[in-house]
Number of protein chains: 2
Amino acid sequence: MTVNLDDVDWAIIEQFQREARISVSELARRVSLSASAAAERVRRLETTGVITGYHAAVDLTKIGYPLLAVVRLKYPGNRHQPLRRLLEERHEILECLRTTGEDCYTLKVAATSMEHLEALVDELAGFGSTTTGVVYRQTLPHRGPARP
Amino acid sequence: MTVNLDDVDWAIIEQFQREARISVSELARRVSLSASAAAERVRRLETTGVITGYHAAVDLTKIGYPLLAVVRLKYPGNRHQPLRRLLEERHEILECLRTTGEDCYTLKVAATSMEHLEALVDELAGFGSTTTGVVYRQTLPHRGPARP
DNA sequence: ACTGAAACCCATATCTT
DNA sequence: AAGATATGGGTTTCAGT
């Protein structure tokens, strides 16, 4: 499942994790390659599924979601379909991780207000018992792991 | 703190959250705007801090990090500097949220192996008591909230 | 697998409405 | 805020190494 990546591949991944909208020729300059070679590398990283996409990061507060919360969900039973449907519908749920341990799901949700957060948690509480923590601050900027 | 966004701004944000590397002219086509108008909109979203960056998403398994875990950390006291330093250094820590509630920090970490994960948790355990859950699956793809 | 050249496409700036 | 136009730079393809 692991793909063999050399130094240049890692350099490309690093650059694109920080600034995904630089041009391929700019990328080529930064990793010391010709533009066509860099374009080919990027294509390979995309087709092999190493790079899965490019996404804009937004300031949630500025777009009207000043609250961020972590909701842990103890989910009894094994009927996961209804929860999946909720995740599809509610775009306020930004991330959902199913984990080992007592709290089966850890969710990251954005809310417009405490009332909104309350309503979201109520919806989730329909599936099991929840533990909610409101996020003071996101300590890290967006980034990925380095070369292992 | 909130910025006023109209339908076109939201359409641009949506497009860039899904595909951040499309050209401005392609974006213009998708949101029914001229290229120069679209470019101007994007510039405004960037300078007002609505869009904070563009980032490549990678398949962690394919780059050698087959394990993902959620670590919750009970952090007694108020000396947060040493933890901040660890976050800077250890790029395996992908995200760190400081929250209300008993578990002050919720971290998302990537690991190359169980041994590696154990070492990471040991490092974190130096700061307080930890609760770790290994992630079975990330249920949602990368996305952002919709218009409130 | 990378380079370099050519043709084509896109981005950016400026001006006009 | 949108459209037109021009120019410089970026992307893509292909032959050559």
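Below, chains carry the letters A, B, ... as their sequence lines are ordered, and counting in each starts from 1. Reckoned from all heavy atoms, side chains included, excluding hydrogens, waters and symmetry mates.
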Let me know, please, whether Ser32(A) or Ile22(B) comes out on the 5' side of the other along DNA chain C by nearest nucleotide.
Ser32(A)
In whole angstroms, how far is the P atom of dA1(C) from the CG atom of Leu5(A)?
13 Å
Other residues, nucleotides and ligands only: do more than 12 of their heavy atoms fall within 6.0 Å of CD on Glu89(A)?
yes
Ring centres under 6.0 angstrom apart (Tyr54(A), His55(B)):
no
Can you figure out which of dA1(C), dT3(C), dG10(D) approaches the side chain of Leu33(A) most closely?
dT3(C)
Taking the side chain of Ser34(B) as heavy atoms from C-beta outward, which of dC2(C), dG10(D), dG3(D) is closest to it?
dG3(D)
d(CZ, Arg43(B); P, dA11(C)) in whole Å:
12 Å
Decide if the gap between the ring center of His80(A) and the ring center of Phe127(A) is smaller than 6.0 angstrom.
no
Output the single nucleotide from dC2(C), dA11(C), dC10(C) whose closest atom is nearest the side chain of Val24(B).
dA11(C)
In whole angstroms, the gap separating P of dA2(D) from CZ of Arg41(B) amounts to 6 Å
Just the rounded figure in Å: distance from P of dA1(D) to CG of Asp7(B).
13 Å
Is the backbone of Cys104(A) close enough, under 3.5 Å, to the side chain of Tyr136(B) for a donor and an acceptor to pair up by distance?
no
Report the nucleotide, chosen from dT3(C), dC10(C), dA2(D), that has the shortest atom-to-atom distance to any side-chain atom of Ser25(B).
dC10(C)
Which of these nucleotides, dA1(C), dA2(D), dT3(C), is closest to any side-chain atom of Ala37(B)?
dA2(D)
Assess whether one donor atom and one acceptor atom, taken from the side chain of Ser36(A) and the base of dG4(C), lie less than 3.5 Å apart.
yes
What is the distance, rounded to the nearest whole Å, between atom CD of Glu46(A) and atom P of dT12(D)?
10 Å
